[in-house]
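Scroll down for the structure; my scribbles are underneath it.
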Amino acid sequence: MSKQFDVIVIGGGPGGYIAAIRAAQLGFNVACIDEWKNAKGGPALGGTCTNVGCIPSKALLQSSEHFEHAGHGFADHGIKVSGLSLDIDKMLARKDQVVKQNNDGITYLFKKNKITSFHGRGSFVKAAEGGYEIKVAGAAEEIIVGKHIIVATGSNARALPGAAFDEENILSNDGALRIGAVPKKLALIGSGVIGLEMGSVWRRLGSEVTVLEALPTFLGAVDEQIAKEAKKAFDKQGLKIELGVKVGEIKSGKKGVSIAWTNAKGEAQVLDVDKLIVSIGRVPNTIGLAADAVGLALDERGAITVDGDCKTNLPNVWAIGDVVRGPMLAHKAEEEGVAVAERIAGQHGHVNFNTIPWVIYTHPEIAWVGQTEQQLKAEGRAYKAGTFPFLANGRARALGDTTGMVKFLADATTDEILGVHMVGPQVSELISEAVVAMEFKASAEDIARICHAHPSLSEATKEAALAVDKRTLNF
Ligand code: FAD
Ligand code: NAI
């Protein structure tokens, strides 16, 4: 007799493992199947986010920022550093250790919540008495049965046609996080989130970095004023970003990679580099899921089709995270995981897509929630804007980190906050105040009336809210 579960989660990334924990908290008998293998072939729970995404990229961003501070920033503080050198093996080993701590943390959480963990590939076999038969193909093969199935199989890096990832010369996010020696010249195709974060890491460590972007605008989804400010900072750092390009033939050989491309003026160019990172977006992953076996519907992008509640076309089959529509973000996947577990329990799980924050962990950091000024203009919505520069913030001056600003957009009549956009120091942390405010439908005045600690970067948030009513106190 096959093992029976109330809930089987396929995929142990941030969507899947959080869904499994919430379902277990609600009293269900839960299994989670995940196929990720660590370097020794063992399980490594946490998916893309933990193994080759959010966590290792932030570890390297931190290490490379320390290196840059030591090399260029400390002198301003009267700290002299001599004999600075880089131990890249140690840096990568530390990153791997941080990943392992997170893998182990999830394993512990599964034990604590009595979740049965399977290491291997999960695929649909058929609808069966009591739910669905799922095949687990790991060290051994077995069939398990689940009343509810939550698919959380994530996404994979999109390759450029004619330039398959070899993870030696042509790298996806995976190879980009384990380059063993600092490349003298590095190219990135795509100046989206990965392009900017990974480009920043390797530039700080000494690479000459060129980013080739197809679109004529920089960070089109970001508020224009914020994107412009960020671009100025990246230009100053020496991150060479070419917009409006057309990438042609890519040749990879012993000496590195040669990229033919056309610039915005239509001039043919060739860029020879040691390594190329391709970061042109990600594709939903349903490889090996055998969606056909049960008639699970996919859309034209290959994502699993779901409604607003993450229900698929099949009864009791749900899908969440990168494998469905919506932003490919770990916290979006987690929120959907919690909401689905609660819906299975008959509760009213809810995800507010209007208040999902975005953060790009470059220096300066970029963070936002809600609508951009260009979106409000396109909608014809009457709004007021208020900005406050970090240059006028005491804490930012003390930190020696005054690039950027906070910007509020509020409804012209009701003063309700419609969007908050930030570029500057530690805005990845500051943005949560704006998320809370928007979740509670606060007005800009509500934030302006709240006491913020002095001296703190959060005072820039208060001042930007005051700026909506043209009454900043420190600018
Ligand atoms: P995934 O994390 O992709 O997990 C899916 C899991 O399912 C994997 O372990 C996979 O092996 C497993 N799987 C797939 N198919 C099967 C199968 N048939 N059987 C068994 N197991 C299967 N997001 C942020 O919010 N913040 C960040 O800072 C951030 N940084 C990123 C940096 C990089 C370099 C990258 C690439 C991504 C980053 N992301 C970030 C995006 C984030 O990683 C994803 O949005 C998130 O991981 C999606 O979670 P998920 O659970 O849907 O899927
Ligand atoms: P992206 O969608 O952020 O950026 C891709 C960029 O590549 C776009 O600017 C696009 O115009 C460009 N592009 C596409 N095709 C091209 C071509 N042929 N030539 C040149 N440019 C081309 O995708 P990215 O950076 O790969 O990241 C994938 C996703 O992972 C992100 O969208 C995000 O959801 C997630 N992520 C989130 C992070 C965070 O939250 N801090 C960090 C890294 C990734």
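Note that ligands are numbered from 1 as they come in the structure, with each ligand's atoms numbered from 1 the same way. Everything numeric in this text was worked out from a predicted model, so none of it was measured.
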Distance-only donor-acceptor pairs under 3.5 Å for side chains of residues 104-117, two or more places apart:
unit_1, atom_1, unit_2, atom_2, d
Asp104, OD2, Lys100, NZ, 2.7
Thr107, OG1, Asn103, O, 3.1
Asn113, ND2, Leu109, O, 2.9

Proximal ligand 1 atoms for Ser57, defined as those under 4.0 Å from one of its heavy atoms:
32 (C)
Note: Glu208-Arg203 ion pair, threshold 4.0 Å (strictly below)
no
Polar contact flag for Ile320 and ligand 1 (N/O pairs, less than 3.5 Å)
no
Nearest heavy-atom approach of Ser63 to Arg94 is OG-NH1, 3.7 Å
Closest approach of any protein heavy atom to atom 15 (N) of ligand 1, naming residue and atom
Thr153 CG2, 3.2 Å
Short list, please: which atoms of ligand 1 are under 4.0 Å from a heavy atom of Gly47?
2 (O), 4 (O), 8 (C), 9 (O)
Under 4.0 Å from one or more heavy atoms of Asn173, ligand 1 contributes atoms 34 (C), 36 (C)
Note every protein N or O atom lying under 3.5 Å from an N or O atom of ligand 2, pairing the names and giving the distance.
unit_1, atom_1, unit_2, atom_2, d
ligand 2, 3 (O), Val193, N, 3.1
ligand 2, 9 (O), Glu213, OE1, 2.7
ligand 2, 9 (O), Glu213, OE2, 3.2
ligand 2, 11 (O), Glu213, OE2, 2.6
ligand 2, 21 (N), Ala214, N, 3.1
ligand 2, 23 (O), Gly281, N, 3.3
ligand 2, 25 (O), Val193, N, 3.3
ligand 2, 25 (O), Ile194, N, 2.9
ligand 2, 26 (O), Gly281, N, 2.9
ligand 2, 34 (O), Met328, O, 2.6
ligand 2, 40 (O), Val359, O, 3.4
ligand 2, 41 (N), Glu197, OE2, 2.9
ligand 2, 41 (N), Val359, O, 2.7

Any Lys/Arg nitrogen of Lys185 or Asp272 sitting under 4.0 Å from an Asp/Glu carboxylate oxygen of the other?
no
Inspect the contact between Glu342 and Arg22 and indicate whether a charged nitrogen and a carboxylate oxygen are less than 4.0 angstrom apart.
yes
Does a sphere of radius 6.0 Å around CD in Glu429 hold more than 12 heavy atoms from other residues, nucleotides or ligands, not counting ones at 6.0 Å or beyond?
no
If you have a sec, work out which protein heavy atom is nearest atom 20 (C) of ligand 1 and how many Å separate them, to one decimal?
Gly120 O, 3.4 Å
When distances are taken from atom 40 (C) of ligand 1, the protein heavy atom at minimum range is Cys54 SG, 3.2 Å
Among Val323, Ile356, Asp34, which one has a heavy atom closest to atom 12 (C) of ligand 1?
Asp34
Side-chain contact, heavy-atom cut-off 4.5 Å: Ile226 with Met405?
yes
State plainly whether the residues Arg325 and Glu336 are in salt-bridge range, i.e. N to O under 4.0 Å.
yes
Of the choices Gly15, Gly16, Gly326, Gly122, which has the non-hydrogen atom that lies closest to atom 19 (N) of ligand 1?
Gly122
Side chains of residues 281-295: which donor-acceptor partners sit under 3.5 Å, not counting sequence neighbours?
unit_1, atom_1, unit_2, atom_2, d
Arg282, NE, Ser155, OG, 2.8
Arg282, NH1, Asn173, OD1, 3.1
Arg282, NH2, Ser155, O, 2.7
Arg282, NH2, Ser155, OG, 3.4
Asn285, OD1, Ile287, N, 3.0
Asn285, ND2, Thr153, O, 3.1

For Ser155, take its heavy atoms, then give the atoms of ligand 1 lying under 4.0 Å from any of them.
3 (O)
Should Glu229 and Lys232 count as an ion pair when the cut-off is N to O under 4.0 Å?
yes
List the atom of Arg158, the atom of Phe165, and the distance in Å for their closest heavy-atom pair.
O-CZ, 3.4 Å
Considering only heavy atoms, does Arg282 approach ligand 1 within less than 4.0 Å through its side chain, its backbone, both, or neither?
side chain
Hey, which atoms in ligand 1 end up nearer than 4.0 Å to a heavy atom of Cys49?
2 (O), 43 (O), 47 (O)
Contact partition for Ala176 relative to ligand 1, non-hydrogen atoms under 4.0 Å
neither
Subset of ligand 1 atoms that lie under 4.0 Å from at least one heavy atom of Gly321
52 (O)
Any Glu334 heavy atom less than 4.0 Å to ligand 1:
no
Per-atom filter on ligand 1: closer than 4.0 angstrom to a heavy atom of Val52 are 34 (C), 36 (C)
Non-hydrogen side-chain atoms of Leu215 and Leu243 separated by less than 4.5 Å
no
Where's the contact between Lys58 and ligand 1, heavy-atom distance under 4.0 Å: side chain, backbone, both or neither?
side chain
Residue, atom and distance of the protein heavy atom nearest atom 44 (C) of ligand 1 read Asp322 OD2, 3.3 Å
re atom 35 (C) of ligand 1, the protein heavy-atom contact at minimum distance is Gly53 CA, 3.6 Å
Tell me: protein heavy atom nearest atom 25 (O) of ligand 1, and distance?
Ala330 N, 2.9 Å
Can you report which non-hydrogen protein atom sits closest to atom 21 (N) of ligand 1, along with the distance?
Glu35 N, 3.2 Å
Output yes when the distance from some N or O of ligand 1 to some N or O of Tyr361 is under 3.5 Å, and no in every other case.
no
Going by the atom numbers of ligand 1, which of them fall below 4.0 Å from some non-hydrogen atom of Gly13?
2 (O), 4 (O), 6 (C), 51 (O)
Please set out all donor-acceptor pairs under 3.5 angstrom arising from side-chain atoms of residues 233-240, sequence neighbours excluded.
unit_1, atom_1, unit_2, atom_2, d
Asp235, OD1, Lys231, NZ, 3.2
Asp235, OD2, Lys231, NZ, 3.3
Gln237, NE2, His363, O, 2.5

In this structure, are over 12 heavy atoms from other groups packed under 6.0 Å from Glu133 atom CD?
yes
Using a strict threshold of under 4.0 Å (side-chain N to carboxylate O), is an ion pair present between Lys135 and Glu142?
no
Can you tell if the side chain of Asp223 reaches within under 4.5 Å of the side chain of Gln374, non-hydrogen atoms only?
yes
Regarding Glu167 and Ser172, do their side chains bring together a donor and an acceptor under 3.5 Å, going by distance alone?
yes
Shortest protein heavy-atom distance from atom 5 (C) of ligand 1, along with the residue and atom involved
Ala152 O, 3.4 Å
Between the main-chain N or O of Val317 and the side-chain N or O of Thr312, is there a donor-acceptor pair closer than 3.5 Å?
yes
